[in-house]
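To find a chain, count down the sequence lines: A is the first, B the second, and so on, and within it residues start at 1. All values below were derived from every heavy atom in this structure, side-chain atoms included, with hydrogens, water molecules and symmetry-related copies excluded.
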Amino acid sequence: MNYLEELNPSQREAVEHTEGPLLVLAGAGSGKTRVITYRIAYLVNVKKIFPGKILAVTFTNRAAGEMRSRVHSLIGISHYVRAGTFHSTALAFLKRYIQYTPYKNGFSVIEKDDRLSLVRQVIKELNLDSKLFSPKKYMHAISSYKNSMRYIEEGDPSDRDFGERFWDIFDGYSKALLDQRLIDFDDMLAYCLRILLRSPEVLEEYKKSCEYILVDEYQDTNAVQFAFLKILAGANGNLCVVGDDDQSIYAFRGAEISNILNFEKHFENVREIKLTQNYRSTEKILSLANNLIGYNFSRRGKLLKAERSEKGEVTFRNFKSEKEEADFLAEKAYEWYIAGRNLSDMAVLYRTNAQSRNFEIALKRESIPYKVVGGVGFYQRREIKDILSYLRVLGNPFDEISFVRSIKTPPRGVGDQLIDKIKFYAESERVDFLTAASQVAFTAPKRQAMGINLFLNIILTVNSAATITDKVSAAIRETKYQEYLFATEEREEAREREDNILELINAAAGFEEQYPDAPLSDFLAASSLTSSEDEKTVLGAVSLMTIHSAKGLEFDSVYIAGAEEGIFPIGSLRNGETELEEERRLCYVAITRAKTYLTVACAQSRIMHGSRLKMNPSRFIREMREGMLETGIPVFHETFGEGFIIDLGKETPIPIADVMFRRSGRKRIRADFLKIKS
DNA sequence: ATCAGAGGTGTTTTT
DNA sequence: CACCTCTGAT
């Protein structure tokens, strides 16, 4: 087994320690994926474990795919190794044990946007004012509740934590899901766990296929995911979790950093291994990362050591405006390109998606190829949802949202009133929407009946197409979707959307190639589980993305944009320190994406919410540069008084107000105070 | 039934 | 600024 030689001693230990709970604290760039894949290979090849007894879980499909292909190249066959996201794993489980769910006749997956419309609908039906009862907030509350153990145990319904009408809305939403045979993202895991908790025979059986569990990005697990692992592995199980507490950036979505901080309290005889040798970044970059993260208190503590010997290059820039910030990047990208380097080795990272705009404009102007990664995902695009709604309604004719969407787009004379009739019929006769539609068409006036029949004919034609790919093509063709696009949208917009729907045909073909006999519902489920996170960076183009989407990636040159108070850290920190620490971890993630070159940029002013605001450099700049203030010259800062010029030489000086950064003593200045209208 | 325009609202990150 | 919803006109 010569590949063990390709590992350093700690990595090797992590690979070879196969029995009992194992916590691998893997710093950024320390060969985390390598450990997981080699470990699987070791289990199969050396320990002779049947691959079907191994379960590997990650958070993104991209990571799961990568893992599969790397395992494949190590051991040849990877068919029986199950590597997937928590959600795809849960979905596969539910498919297998569907008789244990309330969805014995099948279900389809409801996506985020549709969940929101459903909540909105429920709020409306309860005659509540959507201004007072913000659908977004309630959606979020429902989601948090479903990600808690109270929900799994169907906790105390008198619980009023979420406010007066929460339970009304929650019940309405739950009923709608059940009626429409829909399952949401949170329920995938919730139902899965409920079954495991309540049906010992299922647990017994399923456990056999999970004798060796590996978890990637363990710091991002939430309470339900933790419970899932716990019940499968038990206190002494062969559970190997790999993660980095310093890279926990998903608390807002329920991730519990305590899962990794207190791992050894939940399991017995835990072996802990730290991976601190960094193979990615140069020394200068790592020292910035180490300095910065040292300001956090809630962490296990570790120092990354650079294995690369090159010094690397770190630059701080302070620009007049967001425009200059973008122009500078465009210039840098041009130089990079002229120097014969690959633009895909370069990335711009920002805190919020909205920041991409200026960079897009600047790069477009200079004709530099770029790719905005993330943002609105492919399957969230309107045109894609429009076409897929036809397939979805075929897959699940009880799905009201997909039914409504498909029957009214493109418009064909079926309006809200007619749709209400169909809904009413479906409800009173307890039939699905397609049946209801055809029934209503009999009694409706000619004109209305024509619209419905037009729609039903399209559905029939799509249904009779043999393959999934053909179904997609049929939906596009029969709805005359392209014509519709060019009739209603600007040329360029329509062209782009057209490209996307053609890409959808490719996606379907690709899916069928990979899973030749999979039913339509599998394709639809896969599309629901595919997020913008899974999009790849493009060869020969600069990548633009949020720091969240950059997790797990690396680039030779990284440009961190908008390092300003109010942006990064973001200006809405409610729980003070806890959230600030998460922002700091986010910054740590951003820095550690860089291999050789790192630029941190801030602007003195920027347009936000429509008006130009004065901005101040992020405290993170100060923190990461700690110990590098060789020649700090005191200076008067117009807003905050005494401060320092910390950046000397060719760069524009960065004035930093001392009061902003003093760690002890005076109270922290609130971020919204920092936004001063000019 | 459909669309255009006004007005109001909020704005982090996403499996 | 950008999005969404609601309204009123066609």
Side-chain angles (χ1 to χ4, degrees), chain A residues 57-64 84-91 109 111-113 115-117 120 124 129-132 134-137 139-140 143 146-147 184-189 216-217 220-222 224-225 248-255 322 349-355 357-358 373-377 379-380 407-420 447-448 451 487-488 528-535 545-552 562 566-574 579 582-583 585-587 589-590 606-613 671-672 675:
Chain A
V57 212
T58 63
F59 275 86
T60 65
N61 293 300
R62 186 179 64 200
T85 62
F86 273 102
H87 295 273
S88 67
T89 304
L91 204 56
V109 177
E111 284 155 60
K112 208 187 118 191
D113 292 351
R115 288 178 79 174
L116 190 63
S117 353
R120 191 175 285 129
K124 208 172 183 177
D129 184 357
S130 66
K131 272 161 204 148
L132 284 160
S134 146
K136 257 202 184 129
K137 290 208 175 100
M139 180 67 256
H140 190 252
S143 192
K146 286 192 170 186
N147 278 115
D184 69 22
F185 257 63
D186 306 317
D187 273 337
M188 288 181 200
L189 274 158
D216 190 15
E217 306 281 12
D220 292 331
T221 50
N222 65 27
V224 176
Q225 286 154 180
S248 158
I249 55 175
Y250 284 108
F252 69 90
R253 152 181 118 185
E322 75 281 3
L349 307 184
Y350 34 77
R351 177 65 240 264
T352 64
N353 279 121
Q355 287 166 258
R357 246 186 103 93
N358 298 310
V373 182
V376 180
Y379 287 100
Q380 257 95 272
I407 201 168
K408 62 197 280 197
T409 42
R412 54 176 72 84
V414 180
D416 290 338
Q417 284 187 9
L418 232 197
I419 290 172
D420 279 345
R447 200 179 251 237
Q448 300 186 343
T488 52
S528 302
L529 292 177
T530 306
S531 78
S532 56
E533 275 299 276
D534 301 315
E535 285 171 31
M545 65 185 96
T546 63
I547 301 165
H548 283 90
S549 347
K551 197 166 81 160
I567 291 192
F568 195 20
I570 203 148
S572 56
L573 302 178
R574 306 202 152 281
E579 281 179 59
E582 176 143 322
E583 293 286 304
R585 289 192 291 269
L586 196 53
C587 189
V589 169
R606 125 179 1 250
I607 292 179
M608 283 178 84
H609 320 132
S611 53
R612 183 162 289 281
L613 304 179
D672 52 349
K675 292 187 209 161

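The side chain to side chain contact (heavy atoms under 4.5 Å, CB included) search around Ile607(A) returns Glu322(A), Arg612(A), not counting sequence neighbours.
Distance, Arg253(A) CZ to dT12(B) P: 16 Å, rounded to whole Å. Distance Glu322(A) CD to dC1(C) P: 11 Å, rounded to the nearest Å. One can place CG of Asn353(A) at 20 Å from P of dG10(B), the figure rounded to the nearest angstrom. Rounded to whole angstrom, the span from the CE atom of Met545(A) across to the C1' atom of dT13(B) amounts to 14 Å. Here dT5(C) presents its P atom at 11 Å from CG of Asp113(A), a figure rounded to the nearest Å. For the pair Lys136(A) NZ and dA2(C) P, the computed distance is 16 Å after rounding to whole Å. With rounding to whole Å, Ile547(A) atom CD1 is found 15 Å from dT12(B) atom P. Here the P atom of nucleotide dT13(B) and the CG atom of Leu586(A) are 11 Å apart, to the nearest Å.
Of all nucleotides listed (dA2(C), dT12(B), dT14(B)), dT14(B) comes nearest to the side chain of Tyr250(A). Minimum atom distance to the side chain of Arg120(A) is reached by dT5(C), of the listed dT12(B), dT5(C), dT13(B). When distances are taken from the side chain of Arg351(A) to each of dT14(B), dA2(C), dT12(B), the shortest belongs to dT12(B).
The main-chain N or O of Ile547(A) is never found under 3.5 Å from a side-chain atom of Tyr350(A) such that the two would form a donor-acceptor pair.
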What protein N or O atoms touch nucleotides 1-5 of chain B N or O atoms at under 3.5 angstrom, if any, and at what distances?
unit_1 : atom_1 : unit_2    : atom_2 : d
dA1(B) : OP1    : Gly415(A) : N      : 3.0
dT2(B) : OP1    : Gly413(A) : N      : 3.4

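Between Ser549(A) and the phosphate of dT14(B), there is a side-chain N or O to OP1/OP2 separation shorter than 4.0 Å. A close approach under 4.0 Å does occur between a side-chain nitrogen or oxygen of Thr546(A) and OP1 or OP2 of dT14(B).
Side-chain atoms of Ile419(A) and Val414(A), non-hydrogen and from C-beta on, do get closer than 4.5 Å to each other. Residues Asn222(A) and Tyr250(A) have side chains not in contact (no heavy-atom distance under 4.5 Å, counting atoms from C-beta outward).
Across all strands shown, Arg585(A) has no heavy atoms under 4.0 Å from either base or sugar-phosphate atoms.
Screening Leu189(A), Thr58(A), Asp220(A) against Phe86(A) for a side-chain contact (heavy atoms from CB on, under 4.5 Å) leaves a single residue, Leu189(A).
Taking CZ from Arg585(A) and CD1 from Ile249(A), the interatomic distance works out to 9.0 Å, rounded to the nearest 0.5 Å.
Between the C1' atoms of dT12(B) and dT5(C), the separation comes to 24 Å (whole Å).
Ring pair Phe252(A)/His548(A) is perpendicular by interplanar angle, where above 60° counts as perpendicular and below 30° as parallel.
Residues Lys137(A) and Phe252(A) both approach DNA chain B. Their nearest nucleotides, taken by heavy-atom distance, put Lys137(A) toward the 5′ side.
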